[in-house]
Amino acid sequence: MNRRQSQSFLGTPATAPGPQGPDMLRDFLLIRSNPLAFLEKSWRTYGDIVQFPIPKPPTYLVNSPAGVRQVLVSHGRNYGKSTIQYRALSLVTGEGLLTADNDNWRKRRPMIQPAFHQALFAELSTITQGVAESLAIEWEKVPAGAVCDVDQFMLTAALDVVGQFLFGTDLSSNAHVITEATLEALEVVIARARVPIAPPGWVPTANNRKLNRSVAALDAAVEAMVSGQRLRRVIRNQVDGEIENPRNMIELLSSTTDPLGKTLTMHEIRDEIVTFIVAGHETVASALSWSWAILADNPGLQDQLAAEAQQAEESDNGASVDSLPLTRAFFEEVLRVYPPAWLITRKALGPDTIDGHEIPAGALIILSPALLHQHPDVWPNANKFDAKRFLREYSRESYIPFGAGLRQCIGKDFAYIEGVLLLAQLTRQFAVRYPAGARMPVGEPMVTIRPRGGVRVLISARAH
Ligand code: HEM
């Protein structure tokens, strides 16, 4: 292993080994086309803590199991989210939970947490099952021998689940305007935030205009939707004469209060709604698409999942993740090998020492669940996909598809319910396989790791 350590980068002392300027230039194309492959190369070449030759801010990759825990958990308060990645995202999501820096976040998370209370999970299961049923109807219509991109189906399904959960049955035109404007604005942001080690410079004005247009559309649509729902709730309450439980996430966010009784403002609600759309659909869709990509190569595993799902359907209508242990373990392994959120960044608020390396205040810290999940110290046969790995006893310390510590994903249970129930419903009714000559797609690390070219498979109904 090459552990070359340089002296300094434009006055910033080097405190960990890493590539030099010419090495970065040589890898320029790799950095742009596949930043994850570049980070992996850096880790395998220089070790668990790598410093890149960037003076402002000093930039480190941390991939030791202890170092990652230190940044996210034990010293979590020393690391904030004011990084290029989250600043770019906040152009769309505002100060929502995902991008809020620590102080704002501390006030906000306890207010939002009740919206993810277990009491809502029954509703989520019902929504997911409804979406799976609609998807099954679509899949039944696919002509025999036609090749379909299941990635597109998964994106639509995940957006549908999150949309129904947020907006309830109120699928008025506003709901569509909100989701479409969010996705449009996100496109611009992706271009800006692709890689923290290669920050894009000038953003074309056309893109800026597009961003402003979609953010304005978003603001107006959310405001109309929230006001409408609030009004309807007041009318319902007046008619029924009593305060009824909120029916969906918007109603919940509108009525949530902090310990002093303060409710979220319209602007804060808007930021959270957009955050849930952004954080809550492509991530789940990506995990589901990789699930199909793996299953298409494993007919035996598909049969096992189908049998488990059939049994669960007969015993409890297939509505509970607990009755689907193999499907859940499989989905967990998908999240280990293809963690959708492959990049997590932090800014060091004060100095720290990680694995003996001094980290200056202001440093940018890059973590990657995709790389930690390959670490040989914690994962036996890390590069082997083992669908039953998570049926065995496992230390979860270095399993971070949802992050860890204070800022762990608030939608983790949501994602398991949605992912596992959708997979179970569909594997029970359908089998997928690659057409002759086709292979597993390769990963493309965008905001999430996407299957390049989609997941193009043949779908056939199972005989029961
Ligand atoms: C497989 C699906 C998902 C994956 C892999 C995932 C991954 C993550 C990760 C890694 C973080 C932490 C980021 C960091 O520490 O910088 C995070 C945070 C977050 N996620 Fe998820 N997520 C998923 C699904 C969801 C869903 C379904 C929702 C909402 C409906 C959601 C909402 C959020 C929010 C609001 C945060 C910020 C939490 C906070 O800082 O308090 N995520 N997610």
Side-chain angles (χ1 to χ4, degrees), residues 68-69 71-73 76 79-83 85-87 89-90 93-113 115-116 120-121 124 127-128 154-155 157-167 182 193 196 248-249 252-253 271-291 328 331-347 364-370 372-373 399-423 447-449:
V68 171
R69 267 207 98 61
V71 172
L72 293 180
V73 186
Y79 293 92
K81 282 204 167 181
S82 176
T83 64
Q85 185 199 16
Y86 286 115
R87 276 199 303 273
L89 204 54
S90 68
T93 63
E95 276 273 299
L97 258 197
L98 182 62
T99 52
D101 214 348
N102 291 355
D103 288 345
N104 261 343
W105 172 85
R106 223 166 269 125
K107 284 183 248 152
R108 190 71 65 82
R109 175 108 179 197
M111 294 178 78
I112 308 291
Q113 195 70 53
F116 283 84
L120 279 181
F121 290 165
L124 176 62
I127 290 172
T128 305
M154 294 303 114
L155 278 168
L159 194 56
D160 217 8
V161 171
V162 103
Q164 288 193 38
F165 192 66
L166 287 170
F167 311 125
T182 302
N248 59 47
M249 181 75 98
L252 256 168
L253 291 174
D271 288 352
E272 296 309 344
I273 289 172
V274 176
T275 295
F276 294 139
I277 295 173
V278 170
H281 99 278
E282 207 197 340
T283 44
V284 180
S286 165
L288 284 167
S289 294
W290 285 112
S291 300
R328 183 180 167 121
F331 194 60
E332 289 185 293
E333 178 71 345
V334 171
L335 289 170
R336 182 185 73 84
V337 180
Y338 299 97
W342 61 277
L343 183 76
I344 294 178
T345 53
R346 290 289 188 272
K347 178 182 177 179
L364 172 67
I365 307 294
I366 300 172
L367 310 174
S368 173
L372 189 64
H373 292 171
Y399 182 62
I400 57 161
F402 297 98
L406 292 171
R407 305 297 301 257
Q408 193 183 46
C409 177
I410 202 169
K412 181 175 153 207
D413 295 335
F414 186 123
Y416 278 128
I417 292 172
E418 182 186 348
V420 171
L421 294 188
L422 265 174
L423 273 177
V447 166
T448 58
I449 303 183

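What's counted below: heavy atoms across the whole structure, side chains too, no hydrogens, waters or symmetry copies. By convention here, the first residue in the shown sequence is residue 1. When a ligand or atom number is given, it counts from 1 through the structure's own listing order.
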- Query: Any side-chain donor-acceptor pair under 3.5 Å between T345 and T83?
  - Reply: yes

- Taking atom 21 (Fe) of ligand 1 as the centre, count the protein N/O/S atoms lying under 2.8 Å from it. 1

- Consider every N or O of R407 and every N or O of ligand 1, then say whether any pair is closer than 3.5 Å. yes

- Could you grab the distance from atom CD1 of I112 to atom CH2 of W105, nearest 0.5 Å is fine? 12.0 Å

- Query: When rounded to the nearest 0.5 angstrom, what is the spacing between CG in L423 and CZ in F331?
  - Reply: 6.5 Å

- Counting heavy atoms under 4.0 Å, the part of K81 that contacts ligand 1 is side chain

- Query: At what distance is the nearest protein heavy atom to atom 15 (O) of ligand 1, and which residue and atom is it?
  - Reply: R346 NH2, 2.7 Å

- Can you measure from CZ (R106) to CG (D101) and round to the nearest 0.5 angstrom? 9.5 Å

- Note on the structure: In ligand 1, the atoms that come under 4.0 Å of a heavy atom of P401 are 5 (C), 7 (C), 10 (C)

- Item | Set of salt bridge (charged side-chain N to carboxylate O under 4.0 Å, His left out) partners for E95, sequence neighbours left out | none

- Out of curiosity, is F165 lining ligand 1, as in a heavy atom under 4.0 Å away? no

- Item | For atom 13 (C) of ligand 1, closest protein heavy-atom neighbour | Y86 OH, 3.5 Å

- Task: Look only at interatomic distance and state if Q408 has a nitrogen or oxygen under 3.5 Å from any nitrogen or oxygen of ligand 1.
- Result: no

- Any N or O of R109 that comes nearer than 3.5 Å to an N or O of ligand 1? yes

- Test side chain to side chain contact (heavy atoms under 4.5 Å, CB included) on I449 and W290 and set out the steps. CA-CA 9 Å; I449 303 183; W290 285 112; 4.1 Å; yes

- Task: Go through the steps to decide whether Y79 and L367 satisfy the test side chain to side chain contact (heavy atoms under 4.5 Å, CB included), and finish with yes or no.
- Result: CA-CA 12 Å; Y79 293 92; L367 310 174; over 6 Å; no

- Within 4.0 Å of some non-hydrogen atom of V284, the atoms of ligand 1 are 2 (C)

- Message: When you measure from the side chain of S286 to the backbone of E282, do you find a donor-acceptor pair of N or O atoms at a distance under 3.5 Å?
- Response: no

- When L72 is tested against each of R407, Q408, R346 for side-chain contact (heavy atoms from CB on, under 4.5 Å), which residue passes? R346

- Message: Give the atom numbers and elements of ligand 1 that come within less than 4.0 Å of a heavy atom of I344.
- Response: 10 (C), 14 (C), 15 (O), 16 (O)

- Task: Look only at the side chain of H373 and the backbone of R336, and say whether a donor-acceptor pair between them is shorter than 3.5 Å.
- Result: yes

- Item | Rounded distance (nearest 0.5 Å) linking atom CG of L166 with atom CD1 of I273 | 6.5 Å

